[in-house]
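Side chains are part of it too, since the values below use all heavy atoms of this structure and drop only hydrogens, waters and symmetry mates.
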Amino acid sequence: MSEVTGPHLYEFGELPVPTVAITLYDVRRHVLIEDGRIRRDGPVHAGRFRIGQPGRSVVVDAVPEVGSGKLLLLYLGKALLKEVGAARGSAAPIALMDMAWDIEDPLLKMSAQRLVEASDSGQRPNALLAEQIAYTLALHLSDRYAAPGSPKSDRLPSLDETMRARVAEFVQANASAPVTLAEMAQVAGMTPSSFIRSFKRSTGLTPHRFVVEQRVLAARRLLANSNLPIVEIALAVGFSSQSHFGVAFRAITGESPARYRRLQRGHG
């Protein structure tokens, strides 16, 4: 993530991998120079993005409209692009279009804003959520901006009821431990990218949301049937803190953990 505080010349050097840049501020004049040649010279509006190709040397001369702003850079490694390519029926990493700031993509903008907000608040998304965001964005980019000639696949492996039950049992058995996307996908016998798409289609939930709901369900049982302090329940079901637990619990049940416990015991 890059902080912009005024007119500045940015020398990014040679891009090591395909790189998605998403600007969250308006740029009055933006000069993009690739391999010593001006590629584009003009304004860029907040929410626009570009896909830079590996091996190109990039310099940007930017004059923002505002006093400061954020630029998010997503470096898409070969392993991730190969995984996404496999989900599309290719043995090779997926290739993305060469694009330069001419399109606004609401999903990319929203995801960038969420990541910036988490960074500004000092919070870091847990491992499962970070994995999910990475794969979701890579899948979205490959679906919408794959280079011409890239293989397409609309067929997804099915996630039947038995497999969903196995995933749920795995999450419940690891209530207090971090759960990764790769582990959930392995239980289902799928690759992570295929698992994300199949799981959402089958359950209507993202894997991260499913894990949170399962942990809140376990917490509800403990709140109703035990005298454990709420902070101990939060840690026992896999939340990093009581405050994080409280936010998630209220979002799903509409009640705070303390009020839920009182209601279950008839205290109102």
Side-chain angles (χ1 to χ4, degrees), residues 1-88 90-116 118-120 130-131 133-151 193:
M1 183 166 54
S2 178
E3 176 81 30
V4 175
T5 57
H8 196 75
L9 185 68
Y10 297 90
E11 298 187 26
F12 292 99
E14 187 174 299
L15 299 181
V17 294
T19 303
V20 180
I22 309 165
T23 180
L24 299 177
Y25 62 97
D26 290 327
V27 185
R28 184 185 314 160
R29 185 181 182 191
H30 184 282
V31 183
L32 171 63
I33 303 169
E34 288 186 336
D35 293 336
R37 296 183 179 182
I38 294 178
R39 166 80 182 277
R40 185 182 186 278
D41 184 347
V44 175
H45 298 294
R48 299 292 174 95
F49 74 100
R50 111 173 189 92
I51 302 175
Q53 300 300 313
R56 296 185 186 176
S57 181
V58 176
V59 176
V60 171
D61 189 359
V63 181
E65 288 279 6
V66 294
S68 64
K70 303 283 189 180
L71 173 70
L72 187 71
L73 300 174
L74 303 175
Y75 296 98
L76 304 178
K78 184 175 181 180
L80 178 60
L81 292 176
K82 186 172 183 179
E83 162 64 29
V84 173
R88 296 168 62 95
S90 172
I94 199 72
L96 299 177
M97 294 180 184
D98 183 1
M99 305 182 69
W101 304 110
D102 299 315
I103 296 177
E104 182 175 5
D105 187 302
L107 177 60
L108 291 179
K109 181 180 179 181
M110 180 184 66
S111 300
Q113 288 172 331
R114 182 174 184 185
L115 290 169
V116 167
S119 175
D120 287 346
E131 280 185 298
I133 290 173
Y135 277 105
T136 298
L137 291 181
L139 287 166
H140 174 72
L141 288 162
S142 70
D143 284 343
R144 296 196 61 179
Y145 310 111
S150 296
S193 56

- Message: Looking at D98 and R39, is there a salt bridge between them, counting it only when a charged N and a carboxylate O are closer than 4.0 Å?
- Response: yes
- For I22 and K109 the tightest heavy-atom approach is CG2-CA, 4.4 Å
- Query: Do the side chains of V20 and Y75 get nearer than 4.5 Å, heavy atoms only?
  - Reply: no
- Item | Point-to-point distance, once rounded to the nearest 0.5 Å, from CG of L139 to CZ of R144 | 14.0 Å
- Query: Taking C-beta and beyond as the side chain, do V31 and I38 meet within less than 4.5 Å on heavy atoms?
  - Reply: yes
- Least distance between heavy atoms, A100 atom then L32 atom: CB-CD2, 4.1 Å
- Residue pair T23, W101: steps toward the side-chain contact (heavy atoms from CB on, under 4.5 Å) verdict: CA-CA 9 Å; T23 180; W101 304 110; 3.7 Å; yes
- Stepwise side-chain contact (heavy atoms from CB on, under 4.5 Å) test for L72 and K70: CA-CA 6 Å; L72 187 71; K70 303 283 189 180; over 6 Å; no
- Side chains of F49 and I103: closer than 4.5 Å at any heavy-atom pair? yes
- Non-neighbouring partners of R50 that pass side-chain hydrogen bond (donor to acceptor under 3.5 Å, both in side chains), sequence neighbours left out: E34
- Message: If I take atom OH from residue Y145 and atom CG from residue D105, how far apart are they, to the nearest 0.5 angstrom?
- Response: 3.5 Å
- Message: Tell me the closest heavy-atom pair linking L137 and S111, and the distance in Å.
- Response: CD2-OG, 3.5 Å
- Query: Would you call H140 and L108 a side-chain contact if the rule is heavy atoms closer than 4.5 Å?
  - Reply: yes
- Nearest heavy-atom pair of V17 and G77: which atoms, and what distance? CG1-CA, 4.2 Å
- Task: Would you please name every residue forming a side-chain hydrogen bond (donor to acceptor under 3.5 Å, both in side chains) with H45, sequence neighbours left out?
- Result: none
Enumerate donor-acceptor pairs with a distance under 3.5 Å from any side-chain N or O in residues 57-64 to protein atoms, sequence neighbours excluded.
none

- Task: Drop me the distance from Y25's OH to R48's CZ, to the nearest 0.5 angstrom.
- Result: 14.5 Å
- Could you list the residues that satisfy side-chain contact (heavy atoms from CB on, under 4.5 Å) with L81, not counting sequence neighbours? P18, L76, P93, I94
- Query: In Å, rounded to the nearest 0.5 Å, how long is the span from CG of L74 to CG of L80?
  - Reply: 10.5 Å
- Item | Partners passing side-chain hydrogen bond (donor to acceptor under 3.5 Å, both in side chains) against D41 (at least two apart in sequence or in another chain) | R29
- Item | Sub-4.5 Å side-chain heavy-atom contact between L73 and F12 | yes
- Between the CZ atom in R56 and the CG atom in D35, the distance rounded to the nearest 0.5 Å is 7.0 Å
- With sequence neighbours left out, what residues match M110 under side-chain contact (heavy atoms from CB on, under 4.5 Å)? L107
- Within the distance-only criterion (no hydrogens, no angle test), does the side chain of Q113 pair as donor or acceptor with the backbone N or O of G47 below 3.5 angstrom? no
- Task: Could I get the full list of side-chain hydrogen bond (donor to acceptor under 3.5 Å, both in side chains) partners for D102, not counting sequence neighbours?
- Result: R40
- Residues in side-chain contact (heavy atoms from CB on, under 4.5 Å) with E14, at least two apart? none
